[in-house]
Each structure stands twice: as C-alpha cells, then as structure tokens.
Number of protein chains: 2
Amino acid sequence: MIFHVNPSSGSPIYLQLMEQVKHAIEIGALLAGEQLPTLRKLAEELVINPNTVVRAYRELEHEGIVELRHGAGAFVSESAPNRAKISLKAQTVMQTAVDRLSAAGLNEKEIRRLVESELARLRAGDMTGRNA
Amino acid sequence: MIFHVNPSSGSPIYLQLMEQVKHAIEIGALLAGEQLPTLRKLAEELVINPNTVVRAYRELEHEGIVELRHGAGAFVSESAPNRAKISLKAQTVMQTAVDRLSAAGLNEKEIRRLVESELARLRAGDMTGRNA
DNA sequence: CGTACTGTATTAACAGACTAGTACACTTTC
DNA sequence: GAAAGTGTACTAGTCTGTTAATACAGTACG
C-alpha cells in the first residue's frame, strides 16, 4: 500500500490522503478489516507530521470508512467499501456540476461562492426560491 | 433600493451584498445603466465598512455586472441583466447538486471537500477518471 | 478654480484552517 | 508487569481570507 501526497499542491495534505485511502478501497487495494499503516509509519513515509495523518484518519472514521482502535491501530471498516462507493457517486454528482459551471465560464472563486451560497441556504430554512 | 446583510450569518458580507445586487437586477429592481448607491452611503446604511462595499462592487465589476467610474459612481452595466441571468442559471445547477448531496447525507464539510477536489482536478489536467 | 462629492490604494486587525511539536493513555507481546 | 508500539490530547506557529482604518486621486458643479 503506497500513498503519495503533494504538500505544495494547493489542496490540504490530509484531504489528499483521505482521497487516496478511499480510492484504494474503491479499487480493492484495501479490503474491509485490513489494517492501515500506523500514524508514525505513514507520516515518516510521506515526510509529513503524524498529526496530519491523524487528521485524515479521524475524518475517515467520522465518515465510517476507517475504525481507530486506541493502542492497536487503524483498520478499514466493514462498511467501508459501500461507503466508499457512495462517496464516489457523490463525487460524480459534484464533478458534473463543477464541469458544467466551468464550461459556462465560471472561475474557481465563483464556483466556491455558489457553494457557500447554497450551503447558507440549507443552513437557513431553505426556501428554494429567491423571494424571502 | 434597499439592501440588507447579516454580519453574523456565516457567509461573508461582501458576498451577501453581491447576491443582493444580482437579485435586484434579476427581478428588474435595478435597470441597466442605473446608478447604484455610493460606497459610503450604502456602507452607512448597512452599518459596515465602505471597503466591504468596495469589495462587492469590485467583484461584480470583474463579473461584468457593474461598472465603476472613478469620481462619478457605480452603475449597472448594460450586459448586467444577461449576465445576472446566467448567474442565476449557474446557481440552479449548484443548488441541484448540493441538494442531492445533502439528501444523500453529506454534511457541509464533505460537500466543501468535494468541491475542492473537483476544482483541484480542473486545475490539474482533468483526466475525468480516477486512474492516473 | 474650488468645494464636495465620487471611487482607489495601502496598511493593519482579526478569525479560521492547516500543519507541526510534544506529552499522554491504551494494547499488545513477552 | 514491563517494554515497545499504537492512537489521543493539547498547544503553538503559519498562512489565507475577511473586515476595518486611513489617506489618496479623479469627477461634477457652482
């Protein structure tokens, strides 16, 4: 199981790592129940801080993809393949939207803004329309 | 022309203001060529810093929605209604995606991450698939 | 012209996200 | 039960985005 991240890629390292793990599960390189690399080992291999690996693992745990056992290690959750598949589908949904918007001439900033607007709308009551 | 913003809404004030202006143009409350409120006047009315209004106006100018004339004022661009309509359509695209993802159980963080992943993919070469 | 109004530019204060450093607590193995 | 290995918790530094404070430059109008 070889991971690789790019600290100067613009996107956060912990996020890149999360994607890598999900991808590995999707293609079957990581199986349910299997143990993941330990924090320090992976951190050393990627030449990053162990806390960055922790961040990735912890968020993956929150998504139900991995399971952290204190003192024992990090393991691929039993439901991981299913969740990873859902995650992949979600990715497709967003990819379609972003592609359409990008094709319409919107830049990164504008796309990010649209997302924030929609999230804010959800956070509020969500009245779908634009007439308060 | 009455605008209103909420400084503790979570989303940036200048962004809220941009939406308001676009909305006003979409519904015809602001017509092409019409003069917008001056920086200081609007800032005073909304009880925010003039620079925040500047930020909104300047970005709207970058999107071709408004036109800033040094010493004269801010005006609704001739192409504004058309651009505002495109902007509205883009909003619908993103709204659909976000709604679907939200319905699938994803929270704000996860949705934001998906966007960043997709933007990063665009920024790179965009190979659509997941197999580099 | 000159006054009062416009937008412009530069700098700083503040908050949040990301990463790093260091010490702690639990499991496994012998 | 002790040592080595695991994840956990807390703190601090750095960077970026947002807002604010203040001084500058152009335009309109008498």
Side-chain angles (χ1 to χ4, degrees), chain A residues 5-19 21 34-62 65-77 107-113 115-117 119-120, chain B residues 5-19 21 34-62 65-77 107-113 115-117 119-120:
Chain A
V5 294
N6 180 2
S8 56
S9 147
S11 53
I13 298 174
Y14 81 96
L15 218 165
Q16 295 178 45
L17 190 51
M18 287 176 68
E19 292 295 328
V21 172
E34 190 172 347
Q35 178 164 12
L36 290 160
T38 68
L39 295 180
R40 292 170 182 77
K41 215 161 199 169
L42 186 50
E44 185 183 9
E45 181 184 327
L46 299 177
V47 196
I48 58 180
N49 193 285
N51 274 326
T52 304
V53 180
V54 170
R55 174 93 186 250
Y57 278 10
R58 232 181 164 301
E59 303 250 1
L60 284 169
E61 180 183 40
H62 187 258
I65 306 276
V66 315
E67 187 178 340
L68 294 176
R69 297 184 203 146
H70 196 170
F75 300 84
V76 178
S77 135
N107 60 31
E108 292 197 10
K109 259 191 194 171
E110 293 168 333
I111 291 175
R112 253 185 275 258
R113 273 179 214 147
V115 176
E116 289 307 318
S117 291
L119 290 178
Chain B
V5 294
N6 180 3
S8 56
S9 147
S11 53
I13 299 174
Y14 80 96
L15 218 166
Q16 295 179 44
L17 190 50
M18 286 177 68
E19 292 295 329
V21 173
E34 190 173 347
Q35 177 165 11
L36 290 159
T38 68
L39 295 180
R40 292 170 183 78
K41 215 161 200 168
L42 186 51
E44 186 183 8
E45 182 183 327
L46 300 178
V47 196
I48 58 179
N49 193 285
N51 276 327
T52 303
V53 180
V54 169
R55 175 93 185 250
Y57 278 10
R58 231 181 165 304
E59 303 248 4
L60 284 169
E61 181 183 39
H62 187 256
I65 307 276
V66 316
E67 187 178 341
L68 295 175
R69 297 184 203 146
H70 195 171
F75 300 84
V76 178
S77 133
N107 60 30
E108 292 197 10
K109 259 190 196 173
E110 293 167 333
I111 292 175
R112 255 184 275 259
R113 275 179 213 145
V115 177
E116 289 307 318
S117 292
L119 290 178

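Letters go in sequence order (proteins before strands), and every chain restarts at 1. Values in this document were obtained by computation on a predicted structure and should not be read as measured data.
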| said: Checking side chain to side chain contact (heavy atoms under 4.5 Å, CB included) between B:V5 and each of B:V47, B:I13, B:V53, which is the one that passes? | reply: B:I13
| field | Residue of the set A:I65, A:T52, A:L68 for which side chain to side chain contact (heavy atoms under 4.5 Å, CB included) holds with A:Y57 | value | A:L68
| message | Which nucleotide wins on minimum distance to the side chain of A:I13, given the candidates D:dT6, D:dT19, C:dT19? | response | C:dT19
Between [atom2] of [N] and [atom1] of [X], the distance in whole Å:
| X | N | atom1 | atom2 | result |
| --- | --- | --- | --- | --- |
| A:L68 | C:dT27 | CG | P | 14 Å |
| B:E44 | C:dC5 | CD | C1' | 14 Å |
| A:R112 | C:dA17 | CZ | P | 15 Å |
| B:L39 | D:dT19 | CG | P | 15 Å |
| A:R58 | D:dT8 | CZ | C1' | 8 Å |
| A:N51 | D:dG13 | CG | C1' | 13 Å |
| B:Q16 | D:dT19 | CD | P | 8 Å |
| A:R55 | D:dA9 | CZ | P | 15 Å |

| query | For B:R69 and A:P7, take the nucleotide of DNA chain C holding the closest heavy atom to each; which residue's nucleotide lies nearer the 5' end? | reply | B:R69
Answer yes or no: does a side-chain N or O of [X] lie under 4.0 Å from OP1 or OP2 of [N]?
| X | N | value |
| --- | --- | --- |
| B:Y14 | D:dT19 | no |
| B:T52 | D:dT19 | no |
| B:N49 | D:dA21 | yes |

| request: Can you check whether any acceptor in the base of D:dG7 is under 3.5 Å from a donor in the side chain of A:R40, or vice versa? | output: yes
| query | In terms of side-chain geometry, is the basic nitrogen of B:R55 or B:E59 positioned less than 4.0 Å from the acidic oxygen of its partner? | reply | yes
| field | Beyond-backbone contact of A:L36 with A:L60, side-chain heavy atoms, under 4.5 angstrom | value | no
| field | Which atom of B:G73 lies closest to which atom of B:Q35, heavy atoms considered | value | CA-NE2, 3.8 Å
